[in-house]
2 protein chains.
Amino acid sequence: MTETSPGRRELNRARTHEAIVAALRSLVAELPAELITVEQVAERAGVSRRTFFNYFGSIPVALSAVFAEHAAGMIAGLDAEQIRTDPVTALRRLVQEDGIPPDFLGWLSDLNCHGQGTDGRMLLERTVWAEMAAWLREQLHTLLPDADPLFVSTLSSGVMSCFQAAEEAWTEDPDRPEPLSDADIEAFHRHLDRALGLLASGWRSPHV
Amino acid sequence: MTETSPGRRELNRARTHEAIVAALRSLVAELPAELITVEQVAERAGVSRRTFFNYFGSIPVALSAVFAEHAAGMIAGLDAEQIRTDPVTALRRLVQEDGIPPDFLGWLSDLNCHGQGTDGRMLLERTVWAEMAAWLREQLHTLLPDADPLFVSTLSSGVMSCFQAAEEAWTEDPDRPEPLSDADIEAFHRHLDRALGLLASGWRSPHV
DNA sequence: GCCGAAGTTGCACACCGTGCAAAAATGCAC
DNA sequence: GTGCATTTTTGCACGGTGTGCAACTTCGGC
């Protein structure tokens with residue numbers, strides 16, 4: 001009905017993809033992430049449970065897709081040249097100058113703050129962070145097609161571990177009110193910058 | 001009946017723990033890891049499925065216990081002083097001088113070589129590596145009790161990502177015969193050293 | 001319109017991880 | 001040894017996961 005190139009098929013596919021992601025997004029905002037089931041997501045997205053698995057292999061994979069939407073905007077601002085010579089500092093500058101978008105931070109907070117100390121939560125979180133690292137690895141690979149796989153793999157894991165550690169340190173701080181204050185955002189940035197600093201220095205700079 | 005201190009209870013507990021680990025070890029040597037089920041492990045260990053879960057939360061957790069047995073011997077040789085000032089180089093030297101025990105490498109190879117490209121394999125592997133990183137984090141925490149959590153978390157993740165990346169690069173090399181040759185071990189060491197070098201330099205040294 | 005291809009759905013199945021309560025093993029006091 | 005409290009094992013049931021498979025529906029081209 002509209003144009004020839006997109007095609008109805010790909011349009012529908014994109015639509016259900018987005019519906020699933022949106023359903024997941026809203027569920028994360030109102031439930032502890034480790035309690036979310038595929039059935040809930042599918043129902044809210046208006047598709048069958050089976051269809052969910054046609055798009056994502058599991059909840060963590062789908063969650064990493066939400067992450068990807070947020071993170072894609074960030075890494076778009078990266079300088080391809082500086083990535084080649086000093087990627088960690090490039091990323092650190094990006095964080096220092098542009099900062100992390102508040103809705104991104106809010107999502108991270110939702111993902112982890114709801115449920116507290118259960119074992120299941122740590123399992124889910126680990127899987128999600130691993131998926132995010134895999135996504136970043138993919139992105140770096142397309143950004144630096146001829147780079148050493150070792151370079152890309154270790155770098156993406158290292159960077160994501162900084163995010164993860166910063167997030168953990170952040171959520172261990174005392175109670176954080178629902179709408180994130182500027183001070184909270186500032187606190188996360190401090191944690192993340194410190195972590196990236198350790199990464200950049202090879203864990204040598206501060207004699208802990 | 002025997003002595004007072006160990007006690008029959010803890011002895012039995014240690015025995016079934018070891019039985020489960022041994023069963024898992026033998027299964028890994030003869031099956032693709034992602035096909036191993038809890039029922040198989042329990043049966044071979046001579047306990048019920050339910051008892052397995054009394055000891056380990058999942059197969060990946062149990063696998064990381066096997067890893068821990070191997071790795072504990074390695075990090076015992078670490079100099080506590082050098083860890084504080086330059087942990088990555090300390091670990092790098094350890095690998096360069098002592099090397100990775102061949103049976104450790106053989107286990108890593110078994111864990112990953114059997115099954116090829118399935119999606120389930122990557123999922124399992126990621127979980128296992130995450131568990132290993134958690135174990136190392138624990139070890140570093142007891143080794144450096146007053147260190148910054150960010151320091152310990154990012155460091156352990158970074159180091160384990162080097163092992164993971166080295167292992168991936170290693171297994172992508174052409175077919176490796178069952179008994180590991182010295183050249184194979186050498187190859188793994190080269191990959192690992194290169195990865196640790198990237199880690200130590202903050203991904204700056206080689207202008208890829 | 002019709003037909004092949006792509007996408008969706010329900011179903012079945014093996015497996016996972018956990019709560020619960022009965023049963024067995026152990027430690028301890030006497 | 002006997003009895004009792006505690007720990008451990010075990011079976012069972014239950015809800016959730018992820019996948020293969022076979023209809024069935026939707027879409028694109030001719």
Side-chain angles (χ1 to χ4, degrees), chain A residues 1-20 23-24 27 31-64 115 117-124 126-128 131, chain B residues 1-20 23-24 27 31-63 115 117-128 131:
Chain A
M1 194 178 278
T2 51
E3 273 74 39
T4 54
S5 39
R8 197 101 146 224
R9 285 236 166 92
E10 325 173 27
L11 227 156
N12 277 345
R13 244 191 113 69
R15 209 161 24 209
T16 60
H17 189 285
E18 188 48 44
I20 291 174
L24 192 52
L27 276 171
L31 267 187
E34 74 268 22
L35 296 186
I36 297 176
T37 70
V38 174
E39 200 162 6
Q40 288 173 327
V41 180
E43 185 191 9
R44 191 169 293 206
V47 296
S48 74
R49 196 182 88 96
R50 192 61 184 82
T51 297
F52 173 92
F53 286 110
N54 285 343
Y55 284 80
F56 302 99
S58 63
I59 295 276
V61 172
L63 282 173
S64 84
T118 52
D119 288 1
R121 185 186 139 233
M122 272 183 35
L123 192 67
L124 175 75
R126 272 182 206 164
T127 316
V128 177
E131 288 300 327
Chain B
M1 195 178 277
T2 51
E3 272 76 39
T4 54
S5 41
R8 196 101 148 223
R9 285 235 164 91
E10 325 172 29
L11 227 156
N12 277 345
R13 246 192 111 69
R15 208 158 28 205
T16 59
H17 188 286
E18 188 47 45
I20 291 173
L24 192 52
L27 275 172
L31 268 186
E34 74 269 22
L35 295 186
I36 296 178
T37 71
V38 175
E39 201 164 2
Q40 289 173 326
V41 179
E43 186 190 9
R44 191 168 295 205
V47 296
S48 75
R49 195 182 87 96
R50 192 61 183 79
T51 296
F52 173 91
F53 286 109
N54 285 344
Y55 284 82
F56 303 99
S58 63
I59 295 277
V61 173
L63 282 173
T118 52
D119 287 2
R121 183 185 141 233
M122 272 183 34
L123 192 67
L124 176 75
E125 269 200 54
R126 273 183 206 163
T127 315
V128 177
E131 289 300 328

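Letters A, B, ... are given to chains in the order of the sequence lines, protein chains preceding strands, and every chain is numbered from 1.
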Could you give the [atom1]-to-[atom2] distance, from [X] to [N], as a whole number of Å?
X        : N      : atom1 : atom2 : result
B:Tyr55  : D:dT10 : OH    : C1'   : 12 Å
B:Glu34  : D:dG18 : CD    : P     : 15 Å
B:Arg50  : C:dA21 : CZ    : P     : 13 Å
B:Leu123 : C:dC16 : CG    : P     : 13 Å
A:Met122 : C:dG17 : CE    : P     : 15 Å
A:Leu11  : C:dG7  : CG    : P     : 13 Å
A:Glu43  : C:dT9  : CD    : P     : 13 Å
A:His17  : C:dA6  : NE2   : C1'   : 17 Å

Can you figure out which of [options] approaches the side chain of [X] most closely?
X       : options                : result
B:Ser48 : D:dT8, D:dG11, C:dT9   : D:dG11
B:Phe53 : D:dG11, C:dG17, C:dC15 : C:dG17
B:Arg13 : C:dC11, D:dT8, D:dT10  : D:dT8
A:Asn54 : C:dT8, D:dC12, C:dC15  : C:dT8

Inset, instruction - Looking only at non-hydrogen atoms, find the nearest pair between B:Phe52 and B:Ser58 and report the distance. - result: CZ-O, 3.8 Å
Legend entry - Closest non-hydrogen atom pair, B:Val41 against B:Ala23: O-CB, 3.7 Å
Inset, instruction - Could you tell me whether A:Arg49 contacts a base, only the sugar-phosphate backbone, or nothing, with contacts defined as non-hydrogen atoms closer than 4.0 Å? - result: base
Legend entry - Earlier contact from the 5' end, DNA chain C, for B:Arg15 and B:Gly57: B:Gly57
Legend entry - Residue closer to the 5' end of DNA chain C, B:Val38 versus A:Thr16 (nearest nucleotide): A:Thr16
Inset, instruction - Sugar-phosphate atoms are those with a prime plus P, OP1 and OP2; base atoms are the rest. Using that split, label each nucleotide of nucleotides 22-30 of chain D B, S or - for protein heavy atoms under 4.0 Å, 5' to 3'. - result: ----BBS--
Inset, instruction - Could you verify whether a donor N or O on one side chain and an acceptor N or O on the other, from A:Asn54 and A:Arg50, lie under 3.5 Å apart? - result: yes
Inset, instruction - Side-chain contact test, heavy atoms from C-beta onward, threshold under 4.5 Å: evaluate it for B:Thr51 versus B:Thr16 and give yes or no. - result: no
Inset, instruction - Ignoring backbone atoms, test whether A:Thr51 places a side-chain nitrogen or oxygen under 4.0 Å from the OP1 or OP2 oxygen of C:dT9. - result: yes
Inset, instruction - Ignoring backbone atoms, establish whether A:Thr37 has a side-chain N or O less than 4.0 Å from OP1 or OP2 of D:dG15. - result: no
Legend entry - Lys/Arg-Asp/Glu bridge criterion (N-O < 4.0 Å) met for B:Arg126, A:Glu131: yes
Inset, instruction - Apply side-chain contact (heavy atoms from CB on, under 4.5 Å) to the pair A:Leu124 and A:Arg121, showing each step before the final yes or no. - result: CA-CA 5 Å; A:Leu124 175 75; A:Arg121 185 186 139 233; 5.8 Å; no
Inset, instruction - Take the angle between the ring planes of A:Phe56 and A:His17 and call it parallel below 30°, perpendicular above 60°, tilted in between. - result: tilted
